[in-house]
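Every number for a ligand or one of its atoms is a count from 1 in the order of the listing.
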Amino acid sequence: MSLAKHFPRKRLGQHWLKDNLILNKIIRAAELSSEDRVLEIGPGKGSLTHCLLSTSINSLYAIELDQNLIQGLNNRFASNSRFSLLQGDFLTPSLISFDQVKANKVVANIPYNITGPILNKLLGRLGSSPEYRFDRLVLLMQKEVADRILAKPGQSIFSALTVRIQLLSKCKDVCSVAPSCFYPPPKVHSKVVAFEPLPDSERLSAELEVKIDHLLTHAFRYRRKKLRNSLLGIAPLDILSSIAKDNGFTLDQRPQELSKIQWVYLAKKLILRNIS
Ligand code: SAH
């Protein structure tokens, strides 16, 4: 099917980015050079693909789920020897081997309904190294999720996701994107975020990361609850209270009021006291 005849499919999160200013900001945020091997998830009709191939990058590897777009994308780009296209679901574990593709950057306007699993696949999880480490990811995502990732302590949107992603990568707000920048316009606002996954040398120990992950799961399950209640059962209250005092918070605070550093501190102290 030709790209012109394709009707956007909501189920696949198809909202074509048509704003040149935003496309340029994405390209700039990717800091591309002639050595870069770029992976694009969901090229759609190819607006971002076109911009990426207009730079001097070494190669672009695109993965598109929608079979109906494949021929059109190939008609448009296959004559460019730096372009490869694979049809399939990016989340299928055996679809591609990152080690073989050797992409060092991911640049994509991702389908919003699978943002969480995509981030897990690209950044890994606390307690384990990612299956492959990219130098940089520039992702266009739903603003609400981006804001949670970028949140500061004390903001109501500060969440377990904030601490988890910020312990796995350095993240930067690139720009906001209004619904009118897409066709068809999505119901939600969007944002471009740049991630730099941390090398192992800048990550915490696996034991500490697992401990933090565990604490976050407990504390943020009921975000309106005070820590005194949500951390009940994790450790005796007098111990929690004394660790809190030493680090400038109290158990009367709520989980979103603690900084990333305070979560790390709390987990460290619990490990030192052999509290699992
Ligand atoms: N990059 C394009 C399209 C973005 S819309 C643009 O900016 O205009 C999201 C794209 O991801 C769609 O083309 C959709 O078909 C594709 N997609 C959805 N789920 C996918 C998956 N699991 N794996 C790969 N691509 C997927």
Side-chain angles (χ1 to χ4, degrees), residues 1-30 32 38-55 57 60-78 80 83-98 101 103 105-123 131-132 134 137-143 145-146 174-194:
M1 187 198 279
S2 81
L3 291 178
K5 287 195 186 131
H6 182 89
F7 195 74
R9 297 162 83 178
K10 220 173 163 185
R11 186 175 63 79
L12 294 179
Q14 294 182 347
H15 297 277
W16 318 130
L17 182 58
K18 61 182 176 93
D19 187 293
N20 286 328
L21 202 73
I22 301 296
L23 283 161
N24 283 334
K25 285 187 181 176
I26 294 175
I27 297 292
R28 226 177 307 138
L32 299 168
V38 178
L39 179 71
E40 184 186 2
I41 306 160
K45 288 167 87 166
S47 61
L48 183 55
T49 319
H50 171 76
C51 294
L52 286 164
L53 288 170
S54 306
T55 71
I57 54 168
L60 176 62
Y61 198 96
I63 299 173
E64 173 55 60
L65 178 57
D66 191 344
Q67 180 71 54
N68 291 337
L69 292 166
I70 298 300
Q71 196 192 338
L73 282 166
N74 273 327
N75 289 345
R76 190 169 174 196
F77 301 113
N80 190 324
F83 175 75
S84 337
L85 178 63
L86 181 67
Q87 191 273 323
D89 180 347
F90 174 70
L91 297 177
T92 303
S94 54
L95 183 74
I96 51 163
S97 150
F98 290 150
V101 174
K105 293 186 177 169
V106 179
V107 183
N109 168 15
I110 58 175
Y112 294 173
N113 57 332
I114 52 170
T115 302
I118 288 179
L119 286 176
N120 281 341
K121 184 153 176 164
L122 296 176
L123 290 174
E131 65 173 286
Y132 181 87
F134 294 94
L137 320 170
V138 179
L139 305 177
L140 175 47
M141 57 176 64
Q142 188 173 339
K143 178 176 182 296
V145 181
V174 175
C175 63
S176 295
V177 188
S180 58
C181 298
F182 301 87
Y183 178 80
K187 289 203 173 75
V188 295
H189 281 256
S190 306
K191 212 164 217 188
V192 180
V193 183

Show me which atoms of ligand 1 lie under 4.0 Å from any heavy atom of [X].
X	value
H15	4 (C), 5 (S)
I63	24 (C), 25 (N)
F90	21 (C), 22 (N), 23 (N), 24 (C)
W16	3 (C), 8 (O), 13 (O)
S47	6 (C), 7 (O), 8 (O)

Starting from [atom], find the nearest protein heavy-atom neighbour and note its residue, name and distance.
atom	value
atom 17 (N) of ligand 1	P111 CG, 3.7 Å
atom 6 (C) of ligand 1	N109 ND2, 3.4 Å
atom 8 (O) of ligand 1	L17 N, 2.9 Å
atom 13 (O) of ligand 1	E64 OE1, 2.8 Å
atom 22 (N) of ligand 1	D89 OD1, 2.7 Å

Can you tell me if E40 contacts ligand 1 (heavy atom of the residue under 4.0 Å from the ligand)?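 It does, in that a heavy atom of E40 comes within the 4.0 Å cut-off of ligand 1.
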Say whether G88 and ligand 1 are in contact under the criterion: heavy-atom distance to a ligand atom below 4.0 Å. yes
Short version for P43: what comes under 4.0 Å of ligand 1, heavy atoms counted, is backbone
Short version for I114: what comes under 4.0 Å of ligand 1, heavy atoms counted, is side chain
Side-chain contact, heavy-atom cut-off 4.5 Å: L39 with V106? yes
Using a 3.5 Å distance criterion without hydrogens, assess whether the side chain of E40 forms a donor-acceptor pair with backbone atoms of V107. no
Between H189 (side chain) and K143 (backbone), is there a donor-acceptor pair under 3.5 Å? no
Taking side chain to side chain donor-acceptor pair (under 3.5 Å) as the criterion, tell me which of R11, R9, Q87 meets it with D66.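 Considering R11, R9, Q87, a side chain to side chain donor-acceptor pair (under 3.5 Å) with D66 is found only for R9.
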For the atom pair CD1 (I41) and CD1 (I110), what is the distance rounded to the nearest 0.5 Å? 6.5 Å
Should one rank L86, L12, L65 by closest heavy-atom distance to atom 24 (C) of ligand 1, which comes out on top? L65
Selected option - heavy-atom contact closest to atom 1 (N) of ligand 1, from G44, G13, G42, G46: G42
Using the rule side-chain contact (heavy atoms from CB on, under 4.5 Å), only one of V38, L48, L60 pairs with L53; which is it?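 With L53 as partner, V38, L48, L60 yield a single side-chain contact (heavy atoms from CB on, under 4.5 Å), made by L60.
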Distance-only N or O hit between ligand 1 and K45, under 3.5 Å: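 Between K45 and ligand 1 (N or O atoms, distance only) the closest approach is not under 3.5 Å.
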Does an N or O from Q14, backbone or side chain, lie closer than 3.5 Å to an N or O of ligand 1?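 N/O-N/O distance below 3.5 Å exists for this pair.
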Would you verify whether the NZ or CZ of K121 falls within 45 degrees of the ring axis of F90 while also being under 6.0 Å from that six-membered ring's centre?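 Yes, K121 and F90 form such a contact.
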Under 30°, 30 to 60°, or over 60°: which ring-plane class applies to H50 and F77, parallel, tilted or perpendicular? tilted
Consider only side-chain N and O atoms of S97 and Y132, and report whether a donor and an acceptor are under 3.5 Å apart.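 No, no side-chain donor-acceptor contact under 3.5 Å.
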Regarding T115 and Q142, is there a side-chain donor-to-acceptor distance under 3.5 Å anywhere? no
With ring centroids as reference points, do F134 and F98 lie under 6.0 angstrom apart?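 Yes, the ring of F134 comes within the 6.0 Å limit of the ring of F98, centre to centre.
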